[in-house]
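Note on naming: letters A, B, ... go to the chains in the order of the sequence lines (proteins, then strands), and numbering restarts at 1 for each one.
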There are 2 protein chains.
Amino acid sequence: MANLDVKKISNFFKTLSHPTRVLITLELLQEKRCVTDIGELVNLPQPNISQHLAILKAGGIVDWTQQGKTKCYFLKDPQLIENLFKIFK
Amino acid sequence: MANLDVKKISNFFKTLSHPTRVLITLELLQEKRCVTDIGELVNLPQPNISQHLAILKAGGIVDWTQQGKTKCYFLKDPQLIENLFKIFK
DNA sequence: TTAACATATTCGAATATTTTAATATCTTAG
DNA sequence: CTAAGATATTAAAATATTCGAATATGTTAA
């Protein structure tokens, strides 16, 4: 454990330090979703959701693909996220 | 995963969203340590370390015992922390 | 090309976190 | 009890985050 990158890890945690972002991440564990769908699940104004998605993207937790006129977000490493949240069960 | 407490989890992550607190947490994974020792390992002013320790305590990650005139901090759930950081290896 | 739908960006105000400096409290040896 | 070592608290300044409002950009169907 001594050789872990402390800054990288704390940034990872910071990315997930907001309830909305945890909620979105948990949703994406179920399946890939577009912004509108995420908006309905999370029930917040669209720009706010885009802001949180941008933070999750910058934190390396999600990525997206364009599908028609919608953007679909997905977890970059679902296994890691799965393992992460398993800890809290 | 659907029934996880999103607020509790995001608070947990927020507690670990600072490099100093991650570093302290990793140190405590090795062994229980008093504030002065932590100060030497982390190399920051003592009041700052006490502040971070207070945040870790409030976040439920550490606790302490009084040992003579020193306070010794330890992880409340070392197994959980161990599992958590194992994810990043 | 334009309209309409989908998503992103920008900015400012409000709020929260971090850091530093100063000081306070706690604990025990003497 | 007092002094000294160990740790905590407080306040203030600096910085970062969050949210809402307004607006901009991207995409496709027609």
Given atom [atom1] of [X] and atom [atom2] of [N], what is their separation to the nearest angstrom?
X: A:Ile49; N: C:dT9; atom1: CD1; atom2: C1'; result: 16 Å
X: A:Phe13; N: D:dA16; atom1: CZ; atom2: P; result: 21 Å
X: A:Lys57; N: C:dT9; atom1: NZ; atom2: C1'; result: 15 Å
X: A:Ile55; N: C:dA8; atom1: CD1; atom2: P; result: 13 Å
X: A:Leu53; N: C:dA8; atom1: CG; atom2: C1'; result: 10 Å
X: B:Leu16; N: C:dT17; atom1: CG; atom2: C1'; result: 15 Å
X: B:Asn11; N: D:dT17; atom1: CG; atom2: C1'; result: 15 Å
X: B:Glu40; N: D:dA6; atom1: CD; atom2: C1'; result: 13 Å

Query raised in the report: Mind checking whether A:Asp63 and A:Lys57 have side chains closer than 4.5 Å, heavy atoms only?
Result: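 The answer is yes, as the side chains (C-beta and beyond) meet within the 4.5 Å cut-off.
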
**Report entry** Within-4.5 Å side-chain heavy-atom neighbours: A:Leu53 and A:Val35
**Finding:**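 A side-chain contact under 4.5 Å exists here.
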
Query raised in the report: From D:dA21, C:dT19, D:dA6, pick the nucleotide closest to the side chain of A:Gln51?
Result: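 Side chain of A:Gln51 sits closest to D:dA21.
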
Query raised in the report: Taking the side chain of B:Pro47 as heavy atoms from C-beta outward, which of D:dA8, D:dC19, D:dT18 is closest to it?
Result: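 Minimum distance to the B:Pro47 side chain belongs to D:dA8.
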
Query - Side-chain donor-acceptor pair present, B:Gln46, B:Ser50, cut-off under 3.5 Å - result: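 A pair is found: one side chain offers a donor N or O, the other an acceptor, under 3.5 Å apart.
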
Within less than 4.0 Å of OP1 or OP2 of [N], is there a side-chain N or O belonging to [X]?
X: A:Lys71; N: C:dA8; result: yes
X: A:Gln66; N: D:dT27; result: yes
X: B:Tyr73; N: D:dA8; result: yes
X: B:His52; N: C:dT19; result: yes

Report task. Measure the acute angle between the ring planes of A:Phe12 and B:Phe88, then classify it against the limits of 30° and 60° as parallel, tilted or perpendicular. Result ->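 Answer is perpendicular, since the angle exceeds 60°.
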
Query raised in the report: Touch check for A:Lys14, heavy atoms < 4.0 angstrom, all strands: base, sugar-phosphate only, or nothing?
Result: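 Here A:Lys14 touches the backbone only, sparing every base.
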
Report task. Describe the nucleic acid contact of B:Ser50 in one word from base, sugar-phosphate, nothing, applying a heavy-atom distance below 4.0 Å. Result ->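 The residue B:Ser50 makes base contact.
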
Query raised in the report: Short question: side chain of B:Arg21, backbone of B:Thr15 - any donor-acceptor pair under 3.5 Å?
Result: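 Judged by distance alone, yes, a pair lies under 3.5 Å.
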
Query raised in the report: Of A:Ser17 and B:Cys72, whose closest DNA chain D nucleotide lies nearer the 5' terminus?
Result: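 Between the two, 5'-proximity favours B:Cys72.
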
**Report entry** Nearest-nucleotide 5' precedence on DNA chain D, B:Lys69 against B:Asn48
**Finding:**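 That would be B:Lys69.
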
Query raised in the report: For the side chain of B:Gln46 and the base of D:dA6, is some donor closer than 3.5 Å to an acceptor across the two?
Result: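 Side chain to base: no pair present.
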
